[in-house]
There are 2 protein chains.
Amino acid sequence: MSPTIKDVAKKAGVSIATVSLVIQNHARITTATKTKVLKAIKELNYHPSRSAKGLVTKTTGNIGFILTDDHFLQTEPFYTKIFLGTEFGTRGTNYYVLLATIARDFNSKDELPRFILERSVDGIIIAGKATPDFIERIELLDIPIVFIDYYPTSGNFFTVLIDNINGGIIATKHLVDLGHKEIGFIGGDLPHPSIYDRFAGYKQALEAGGIKFNKKNCVIDEDDPSRPNGYSAAKKLFAQNKKITAIFACNDAMAIGAMQYCTDNKIKIPNDVSLIGFDDVEADIFLNPPLTTIKVPKFELGTEAIHLIENVIKNKSYHNKKKILVPVELIIRNSTRELK
Amino acid sequence: MSPTIKDVAKKAGVSIATVSLVIQNHARITTATKTKVLKAIKELNYHPSRSAKGLVTKTTGNIGFILTDDHFLQTEPFYTKIFLGTEFGTRGTNYYVLLATIARDFNSKDELPRFILERSVDGIIIAGKATPDFIERIELLDIPIVFIDYYPTSGNFFTVLIDNINGGIIATKHLVDLGHKEIGFIGGDLPHPSIYDRFAGYKQALEAGGIKFNKKNCVIDEDDPSRPNGYSAAKKLFAQNKKITAIFACNDAMAIGAMQYCTDNKIKIPNDVSLIGFDDVEADIFLNPPLTTIKVPKFELGTEAIHLIENVIKNKSYHNKKKILVPVELIIRNSTRELK
DNA sequence: AGATTTAGGTTAAACGTTTAACTAACTCTA
DNA sequence: TAGAGTTAGTTAAACGTTTAACCTAAATCT
């Protein structure tokens with residue numbers, strides 16, 4: 001049987017209250033007794049019982065991580081990496097993270113994840129999108145929430161975001177710097193803040209480069225930024241303007257779809273058109289040619305989210321830094337080249 | 001505040017003990033009072049406090065999932081998928097799964113994962129390899145353990161395994177059926193049971209096909225079944241026997257490395273040599289040509305492990321089915337073809 | 001010097017369950 | 001019809017913490 005606080009108290013010759021106070025390093029304890037107790041703790045290899053502590057403090061030590069289930073089906077483990085980042089972020093803290101998925105189209109009939117119903121978490125991290133229906137239900141419970149790579153436009157939420165605007169800018173600027181003028185943009189799910197911002201960055205960089213924004217160079221009506229939609233978006237784009245020499249895809253999945261379209265239609269990348277994606281997904285280096293892209297530090301998004309939610313839990317009236325912006329980086333590979 | 005068992009008891013007009021017994025559906029309770037209590041539970045939306053329950057039963061409701069940290073660095077999320085499978089497996093159970101990683105070279109100086117030290121798990125699932133040092137330390141704690149895709153050769157452990165022997169057989173048989181005679185095998189980390197068994201399957205299928213096993217056709221001295229080692233193994237293999245017309249790589253990572261070697265040396269796949277891998281990793285379909293391989297159901301490995309450990313925890317003297325074998329499947333793509 | 005404050009610790013109640021031991025009301029059986 | 005069994009529920013202790021309230025001795029003040 002594991003040692004309890006009583007064993008420690010007896011060994012150190014103090015009351016259990018003192019042991020408890022030492023653990024929380026309360027100011028009332030002298031360093032003398034503190035070291036005495038700490039010694040006993042070490043010798044017994046004592047670890048407080050999370051259950052007992054939880055029972056009185058009404059905390060669980062768990063953080064829930066919620067993902068829509070379609071990420072399981074996607075080939076790219078984008079959010080899975082973020083999850084791994086949260087796991088890493090909990091080292092040095094006293095938290096564990098529990099994973100759950102919800103339906104992509106979560107609605108009022110669906111059950112909330114088990115750990116929420118059972119109140120087994122002290123806070124929740126929501127990665128990617130979640131339906132308003134879901135967010136509403138969670139908010140009623142008034143559990144601290146942190147979003148990653150998404151946030152409901154109504155309300156002021158704690159969020160860890162990718163610096164999408166800047167990403168859009170440097171991606172587009174890269175193309176402009178290479179001498180391209182007819183630069184296309186293909187995107188899906190434009191209402192999603194991330195996609196929207198990438199598009200905004202595209203427009204800003206165009207303007208900064210003295211290139212007039214042209215609706216003909218954009219295909220933004222796909223409902224999802226997926227591979228097949230990248231394929232069809234590329235098709236539409238070339239139909240709209242056959243003089244396109246460069247494409248900025250709102251993410252790598254669409255870029256891969258677009259690349260496939262080009263291959264199928266004898267459009268050489270990067271000789272005929274340059275292509276840049278966004279995310280820096282693992283498949284990129286296997287592509288032919290390897291894809292130039294904007295790297296999103298997925299792991300870091302997770303660790304940042306943990307730090308943030310820790311603060312929110314600790315200090316419910318935590319106000320500074322509601323939004324944390326994680327920087328991105330241009331990764332030049334072989335799918336873009338100077339316009340001759 | 002969440003309702004407690006007292007609230008339910010009051011509402012249903014019974015004692016809290018009765019409520020508790022109803023929840024565990026104990027035989028002593030009549031259906032009449034049972035429905036009465038159940039109704040109160042539903043109306044109050046009552047969920048028992050895991051902490052309180054844990055305090056008295058000395059259980060936590062958590063299962064630990066342990067992975068060596070090098071899987072984070074690998075590009076292929078093989079074990080991550082298995083982890084996702086365990087998460088899925090816990091639906092309908094009362095367990096949560098906690099993830100932790102340990103150093104690949106875990107030794108006596110390293111600390112055990114936090115959830116083990118703090119006794120926050122009722123059982124542990126170990127995926128892939130773990131050092132003897134680690135396993136020894138865990139065993140002392142006498143926490144139920146289930147291995148996935150690995151098991152220490154000494155001792156009789158609960159394990160969920162890939163049917164590697166059969167996988168090795170059908171992979172090799174596929175090559176034999178295509179008319180190949182000079183079939184190479186490249187592998188790394190041969191002591192690992194999974195790799196060892198794939199190699200065993202290779203030999204069995206060769207024999208069954210009336211082909212004599214030839215050491216010259218094998219490169220099995222790489223220490224890791226990684227991509228770069230696949231590259232060098234392919235190099236060695238062709239140096240040993242230039243008449244090779246087909247290669248069975250012990251996993252997709254090595255197959256990818258081998259494919260790279262072939263590309264670099266103008267060896268056409270599948271025209272000059274057929275290549276088959278093992279695992280069915282996501283990159284496979286992006287390769288040129290897409291890789292024929294043996295599919296291992298990663299997700300299912302996870303769910304099976306949860307079912308197994310649940311039984312082990314419930315019934316410490318659980319004896320039947322110490323080892324569960326999960327079947328594999330041949331996936332024919334374009335990297336193998338009939339020998340003309 | 002006596003009163004008051006402070007420092008450093010202890011006591012005991014409370015958190016929400018489970019479960020062994022108990023009880024009251026029936027039902028048999030001889 | 002008395003006694004033994006059975007059935008269905010209750011009582012109360014226990015689990016291992018935290019923390020408000022309390023205590024005592026020493027330090028500080030007037």
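By convention in this document, chain letters (A, B, ...) are assigned in the order of the sequence lines, proteins followed by strands, and residues within each chain are numbered from 1.
Proximity note for Ala52(A) (side chain, C-beta onward) versus dT18(C), dT17(D), dT19(D): the nearest is dT17(D). Of the candidates dG8(C), dT17(C), dG16(C), dT17(C) carries the atom nearest the Pro48(B) side chain, counting heavy atoms from C-beta on. Checking dT10(D), dT18(D), dG9(C) against the side-chain heavy atoms of Thr18(A) singles out dG9(C) as nearest. When distances are taken from the side chain of Lys58(B) to each of dA12(D), dT17(C), dC15(D), the shortest belongs to dC15(D). Of all nucleotides listed (dT18(C), dG16(D), dG9(C)), dT18(C) comes nearest to the side chain of Ile16(B). The side chain of Thr33(A) approaches dG9(C) more closely than any other nucleotide in the set dT17(D), dG9(C), dG16(C). Across dT11(D), dT18(D), dT19(C), the shortest atom-to-atom separation from the side chain of Lys53(A) is found for dT18(D).
Mapping Thr30(B) and Leu21(A) onto DNA chain D via the closest heavy atom, the residue that lands nearer the 5' end is Thr30(B). Of the two residues contacting DNA chain D, namely Leu55(B) and Gly13(B), the nearest-nucleotide position lying further toward the 5' end is that of Gly13(B).
Of the side-chain N and O atoms in Gln24(A), none sit less than 4.0 angstrom from OP1 or OP2 of dT17(D). The phosphate of dG16(C) has neither OP1 nor OP2 within less than 4.0 Å of any side-chain N or O from Ser49(B). The phosphate of dC15(D) has neither OP1 nor OP2 within less than 4.0 Å of any side-chain N or O from Ser51(A).
Thr57(A) comes within 4.0 angstrom of the backbone, heavy atoms only, and of no base. At the heavy-atom level, Thr4(A) lies under 4.0 Å from the strands shown only through sugar-phosphate atoms.
Phe83(A) has its ring centre less than 6.0 Å from the ring centre of Phe83(B).
Ion pairing between a basic and an acidic side chain is recognised when a charged N comes within 4.0 Å of a carboxylate O; Glu43(A) and Lys11(A) show such pairing.
Classified by interplanar angle (parallel below 30°, tilted 30° to 60°, perpendicular above 60°), the ring pair Phe299(B)/Phe88(B) is tilted. Note on ring orientation: taking the six-membered ring where Trp is involved, the planes of Phe157(A) and Phe147(A) are perpendicular (angle over 60°, cut-offs 30° and 60°).
More than 12 heavy atoms of other residues, nucleotides or ligands lie within 6.0 Å of NZ in Lys36(A), so this atom counts as buried by the packing criterion.
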